[in-house]
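Whatever order the structure lists them in is the order used to number ligands and atoms, beginning at 1.
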Amino acid sequence: MKRYAIILAAGQGTRMRSKLYKVLHPVCGKPMVQHVVDAISTLHVDRLITVVGFGAERVKEQLGNQSEYVIQEQQLGTAHAVMQAAPHLADKDGVTLVVCGDTPLITSETMEALLHHHLQTKAKATILTALAEDPTGYGRIVRNKDGHVEKIVEHKDATEEERKIREINTGTYCFDNRALFEALTKVSNDNAQGEYYLPDVIEILKKQGEIISAYETPMFEETLGVNDRIALAQAEKIMRARIHRKHMANGVTIIDPEHTYIAPDVSIGQDTIIYPGTWIEGHTVIGENCMIGPNSEIKNSRIGHNTSIRHSVVHDSEVGSDVTIGPFAHIRPLSKIGDDVRIGNFVEIKKATFGNRSKASHLSYIGDAEVGADVNIGCGTITVNYDGMNKYVTKIEDGAFIGCNSNLIAPVVVGSGAYVAAGSTITDDVPSQALAIARARQTNKEHYVERLQAKKKS
Ligand code: UD1
Ligand code: CA
């Protein structure tokens with residue numbers, strides 16, 4: 001049996017009060033609609049179609065070729081949105097999953113269970129329902145005396161009695177594909193919002209004598225629909241806890257989950273400890289036995305094993321094993337730091353390679369540089385990489401020793417094993433094994449103070 005999926009993502013999201021298209025609002029750093037696509041991806045659907053509207057370009061940029069797209073020019077309701085996929089799907093046999101792009105917490109397990117239930121009950125439509133503590137705003141599931149689903153009534157159209165129903169429509173459904181598209185042609189917009197409601201398909205099919213089924217998930221949390229920023233914060237909290245549980249189950253210690261923020265696609269090795277105030281974003285990979293935080297930010301980076309990163313920022317970079325970073329270091333994009341390295345306090349590294357066992361322990365700027373292995377960079381060293389127009393590269397070869405408070409004016413090479421005397425401003429290449437001293441000689445003016453005082457008296 002062919003499987004199709006349609007994601008509804010064309011709504012303006014008025015209640016978000018945002019210039020950003022609703023389904024692009026991130027939850028734990030990942031856009032809501034991407035969460036939905038990722039959950040669907042494990043279901044192996046034959047075709048995935050996302051219905052997009054205003055702001056479509058940015059959704060397409062986000063999802064790329066993970067989905068096909070249809071445009072809903074005017075947002076006339078969820079039934080109208082699904083209708084836009086008719087040219088692609090209406091004449092196909094199969095089962096179609098419809099999911100809202102604003103339910104980022106839905107899991108593939110739940111959708112798989114819904115599909116299974118749908119096929120087992122031989123229904124033409126199966127609604128994913130849940131029991132809500134507070135059902136305000138959701139469509140309610142109206143059942144007849146025998147407990148069979150009759151219809152879904154939207155909150156705004158519901159009677160006082162119907163509003164007491166706590167079983168809600170989660171906005172995720174399974175349909176017999178042909179039955180869905182046939183029923184859609186019969187949906188009207190005669191309701192409180194003047195919209196074509198997808199849930200009306202249920203009543204239409206029921207009246208035709210078809211089997212309608214409901215699968216109630218015990219996981220109400222998963223079905224949260226994000227219509228405003230309050231729900232966005234709730235979704236963030238639930239997703240964060242889910243991510244933390246996964247890592248803790250894998251043997252990661254999270255000292256204070258309430259104050260730790262890990263993006264969904266981060267991987268962390270066993271026995272790594274995450275201290276409070278830490279943000280780990282993007283596609284970061286962290287090895288085993290690391291100590292991360294407190295108060296650190298790591299984005300799109302790869303970190304080896306046994307590495308510690310305290311009070312520091314690492315972006316779009318690679319860091320090896322047995323490295324200590326911080327406190328208060330900044331590793332900027334495109335840096336590649338080897339093993340057994342030390343990057344100490346107030347050191348900034350940008351677009352630089354930094355070889356094994358090399359050290360920059362304090363107060364340095366190393367930008368656009370190639371630093372070899374076993375290099376010692378003294379306190380206050382600066383690679384002078386920018387002349388106001390262009391950036392240039394500094395090369396520091398293996399085993400070199402850069403004395404404190406040196407300026408290395410790029411382009412320049414310090415050869416292997418060479419020494420740079422403290423306080424030097426190096427403008428010319430330093431040969432391997434040489435000592436470069438580039439500073440004014442010291443002169444001591446003897447008896448200076450005595451002479452000064454004599455002058456004052458006279
Ligand atoms: C919808 C359901 C409601 C259910 C709730 C679950 C309808 C009429 N109501 O209400 O029964 O309890 O979801 O969260 O379906 N969209 C379009 N085009 C449109 C309108 C909406 O693509 O013309 C998309 C939105 O981007 C959104 C989804 O459909 O992702 C749901 O629309 P929304 O306006 O959020 O519906 P709810 O009021 O939440
Ligand atoms: Ca919604």
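For atom 31 (C) of ligand 1, the closest non-hydrogen atom of the protein is C100 SG, 3.7 Å. Looking at atom 20 (C) of ligand 1, its nearest protein heavy atom turns out to be G77 C, 3.8 Å.
At a heavy-atom cutoff of 4.0 Å, ligand 1 is contacted by no atom of I168, backbone or side chain. Within the 4.0 Å heavy-atom criterion, the part of E154 lying near ligand 1 is the side chain and not the backbone. Looking at R15 against ligand 1, only its side chain comes within 4.0 Å, counting heavy atoms. Of the heavy atoms in E195, none comes closer than 4.0 Å to ligand 1. By the criterion of a heavy-atom distance under 4.0 Å, the side chain of N227, and not its backbone, is placed next to ligand 1. By the criterion of a heavy-atom distance under 4.0 Å, the side chain of A81, and not its backbone, is placed next to ligand 1.
Atom CZ of R163 has more than 12 heavy atoms from other residues, nucleotides or ligands within 6.0 Å. At most 12 non-hydrogen atoms from other residues, nucleotides or ligands lie less than 6.0 angstrom from CG of D190.
Ion pair R178/D93 flagged as a salt bridge, since at least one NZ, NE, NH1 or NH2 atom sits closer than 4.0 Å to an Asp/Glu carboxylate oxygen. Salt-bridge check for D374 with R357: passed, with a basic side-chain N closer than 4.0 Å to an acidic carboxylate O.
One of the N, O or S atoms belonging to N227 lies under 3.0 Å away from the Ca ion (ligand 2).
Using cut-offs of 30° and 60° for the angle between ring planes, the H315 and H330 rings count as perpendicular.
Residue V51 places no heavy atom under 4.0 Å from ligand 1.
Protein non-hydrogen atoms do not reach within 4.0 Å of atom 13 (O) of ligand 1. For atom 28 (C) of ligand 1, a protein heavy-atom neighbour is present inside the 4.0 Å cut-off.
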